[in-house]
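In what follows, a structure is listed as structure tokens, so that the remarks can point back to it.
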Amino acid sequence: MAAWNNEVEIDGLEEIEIENTSVEEIDGENINLMFLGIDQSGSMGTYTKDMVKSLCDFKEALLASDEEEEILAARANFEEHIEIGGYKRIREFNTDFQAGGCTAMYDAIIKGTKKLKEYRKYLKDQGVRVKAVFALFSDGKDNASISSFGDAKDAIGFLNKEEITTAFISFGGEALDEAKQLGFRNILDITSSAEELRKAFECLSKSVIESSKSILADEDDFFQV
């Protein structure tokens with residue numbers, strides 16, 4: 001089982017600075033981190049164009065907000081392979097989408113939690129006040145991870161304990177039980193349709209913006225429905 005405490009290995013400072021936004025590029029003492037894991041497994045292929053449109057609208061909503069400069073976002077794509085970007089300005093957020101393969105959700109949670117932990121510590125060590133949201137979007141259950149369910153649950157438990165907002169969008173309901181059992185505190189359950197997909201990312205953008213306005217962490221009232 002993964003130990004989410006000081007025993008978790010932290011990458012070198014130089015590597016963290018290269019992958020993410022350096023503290024010298026941050027104006028102000030407060031920053032809001034958003035991790036967004038997106039299921040790109042084959043079952044999402046039908047919604048490729050709708051996902052691109054939803055991600056573009058999501059990006060535009062954040063860019064238009066007064067909180068834009070205080071938000072850094074990291075996007076993770078997962079199927080059987082995991083790809084996690086650094087924490088960057090919203091203007092650099094990637095809105096591409098392509099589907100194929102199985103669902104390595106647990107691996108995405110483990111790797112995403114580690115990366116968020118590292119960068120959050122780096123910012124705090126530099127005197128920056130940090131608030132964070134760890135969000136995941138999926139339409140199904142894990143069927144390809146190397147990591148175990150227990151490890152992923154421990155990671156979500158660590159995030160909750162650290163007062164990092166955990167949020168899950170269940171597209172079609174198949175992932176709903178998984179999200180509940182993993183311990184996500186905020187769950188948005190929507191049906192499988194292009195309209196619901198659009199509404200979900202509209203809801204996510206509003207929730208991220210509203211969350212960024214407060215210095216307190218959202219526990220179970222993150223989604224602004």
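The analysis underlying the following values was restricted to heavy atoms, covering all of them including side chains, and did not include hydrogens, waters or symmetry mates.
- One distance of note links CD of Glu80 with OG1 of Thr103; it measures 8.5 Å at 0.5 Å rounding.
- Between Tyr119 and Tyr87, the ring planes are parallel. Angles under 30° get that label, and only those over 60° would be called perpendicular.
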Q: Show your reasoning for whether side-chain contact (heavy atoms from CB on, under 4.5 Å) applies to Leu55 and Arg75.
A: CA-CA 11 Å; Leu55 289 168; Arg75 173 175 165 175; 3.5 Å; yes
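- Note: the hydrophobic cluster containing Ile156 does not contain Ile146 (ILVMFWY, side chain heavy atoms under 4.5 Å, direct or indirect links).
- Taking a 6.0 Å sphere around CD of Glu83, one finds it holds 12 or fewer heavy atoms contributed by other residues, nucleotides or ligands.
- Atom CG of Asn32 and atom NZ of Lys213 lie 12.0 Å apart (nearest 0.5 Å).
- Looking only at distances, a side-chain donor or acceptor of Asn186 sits under 3.5 Å from a matching main-chain atom of Asp221.
- Distance alone, capped at 3.5 Å, is enough to place a donor-acceptor pair between the Ser207 side chain and the Phe222 backbone.
- Within 6.0 Å of atom NZ in Lys153, 12 or fewer heavy atoms from other residues, nucleotides or ligands are found, so the atom counts as exposed in its surroundings.
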Q: Could you give me the CA-CA distance, side-chain angles and deciding distance for Glu202 and Asp57, then say whether side-chain contact (heavy atoms from CB on, under 4.5 Å) is met?
A: CA-CA 7 Å; Glu202 180 180 344; Asp57 290 346; over 6 Å; no
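- Rounding to the nearest 0.5 Å gives a distance of 10.5 Å between OG1 of Thr166 and CG of Leu136.
- Residues Phe78 and Ile109 fail the side-chain proximity criterion, which asks for heavy atoms closer than 4.5 Å.
- Using a 4.5 Å cut-off on side-chain heavy atoms (C-beta onward), Leu204 and Phe58 make contact.
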Q: Would you sort out whether Glu178 and Tyr106 count as a side-chain contact (heavy atoms from CB on, under 4.5 Å), showing the intermediate values?
A: CA-CA 10 Å; Glu178 190 100 90; Tyr106 303 157; 2.6 Å; yes
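- Judged by distance alone, with hydrogens and angles left aside, the side-chain atoms of Lys124 form no donor-acceptor pair with the main-chain N or O of Val130 at under 3.5 Å.
- Checked by atom type and distance alone, the side chain of Ser170 pairs as donor or acceptor with a backbone atom of Leu176 at under 3.5 Å.
- Across Ala99 and Ser41, no two heavy atoms sit closer than the pair CB-O, 3.3 Å.
- Taking 4.5 Å as the limit, every side-chain heavy atom of Thr48 sits out of range of all side-chain heavy atoms of Gln98.
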Q.
Walk me through whether Asp50 and Phe201 qualify under side-chain contact (heavy atoms from CB on, under 4.5 Å).
A. CA-CA 11 Å; Asp50 301 304; Phe201 276 89; over 6 Å; no
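- Shown here for Gly112 and Ile84, the closest heavy-atom pair between the two residues is N-CD1, 3.7 Å.
- The two residues Ala175 and Gly140 come nearest to each other via the heavy atoms CB-O, 3.3 Å.
- Residues Ala108 and Ile82 approach most closely at N-CD1, 3.8 Å, considering heavy atoms.
- Side-chain contact between Val208 and Leu36 is absent, with no heavy atoms from C-beta onward closer than 4.5 Å.
- For CG of Asp27, the number of neighbouring non-hydrogen atoms (other residues, nucleotides, ligands) closer than 6.0 Å is 12 at most.
- Separating the NZ atom in Lys121 from the NZ atom in Lys117 is a distance of 8.5 Å, to the nearest 0.5 Å.
- For the pair Arg120 (side chain) and Ala132 (backbone), a donor-acceptor distance under 3.5 Å is absent.
- Counting only distance, with no hydrogens or angles, the side chain of Asn77 and the backbone of Ile38 share no donor-acceptor pair below 3.5 Å.
- Using a 4.5 Å heavy-atom threshold, the side chains of Leu123 and Leu33 count as touching.
- The number of heavy atoms from other shown groups lying within 6.0 Å of CD (Glu69) is above 12.
- The shortest heavy-atom contact between Asp107 and Ala144 is OD2-O, 4.3 Å.
- Note that CZ of Arg91 is 6.5 Å distant from CD of Glu68, once rounded to the nearest 0.5 Å.
- For the pair Ser205 (side chain) and Leu62 (backbone), a donor-acceptor distance under 3.5 Å is absent.
- With a 6.0 Å radius and a threshold of 12 heavy atoms from other residues, nucleotides or ligands, Glu92 has its CD atom above the threshold.
- The backbone N or O of Phe171 sits nowhere less than 3.5 Å from a side-chain atom of Asp139 that would complete a donor-acceptor pair.
- The shortest non-hydrogen separation linking Ile110 to Ala152 is CD1-N, 3.7 Å.
- Between the side chain of Lys131 and the backbone N or O of Ser211, at least one donor-acceptor pair lies under 3.5 Å.
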(Q) I'd like to know whether Lys115 forms a salt bridge (Lys or Arg N to Asp or Glu O under 4.0 Å) with Glu19, so could you lay out the CA-CA distance, the side-chain angles of the two residues, the decisive distance to 0.1 Å, and finally the verdict. (A) CA-CA 10 Å; Lys115 188 151 193 172; Glu19 291 183 352; 3.4 Å; yes
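- Heavy-atom neighbours of Leu63 CG from other residues, nucleotides or ligands within 6.0 Å: above the threshold of 12.
- In this structure, Asn20 contributes its side chain and Gly86 its backbone to no donor-acceptor pair below 3.5 Å.
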(Q) Using the rule given for salt bridge (Lys or Arg N to Asp or Glu O under 4.0 Å), can you reason through Arg89 versus Glu25, listing the C-alpha separation, both sets of side-chain angles and the distance that settles it, and then say yes or no? (A) CA-CA 10 Å; Arg89 298 291 186 187; Glu25 299 176 64; over 6 Å; no
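- To the nearest 0.5 angstrom, Ile16 atom CD1 is 5.0 Å from Glu118 atom CD.
- The ring pair (Phe, Tyr, Trp, His ring centres under 6.0 Å) with Phe134 is formed by just one residue from the set Phe168, Phe158, Phe35; it is Phe35.
- Side-chain contact between Phe149 and Leu182 is present, with at least one heavy-atom pair separated by less than 4.5 Å.
- Checked against a 6.0 Å centroid threshold, the rings of Tyr47 and Phe97 do not count as neighbours.
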Q | Check against salt bridge (Lys or Arg N to Asp or Glu O under 4.0 Å), Glu210 and Lys206 | A | CA-CA 6 Å; Glu210 288 302 312; Lys206 289 180 179 178; over 6 Å; no
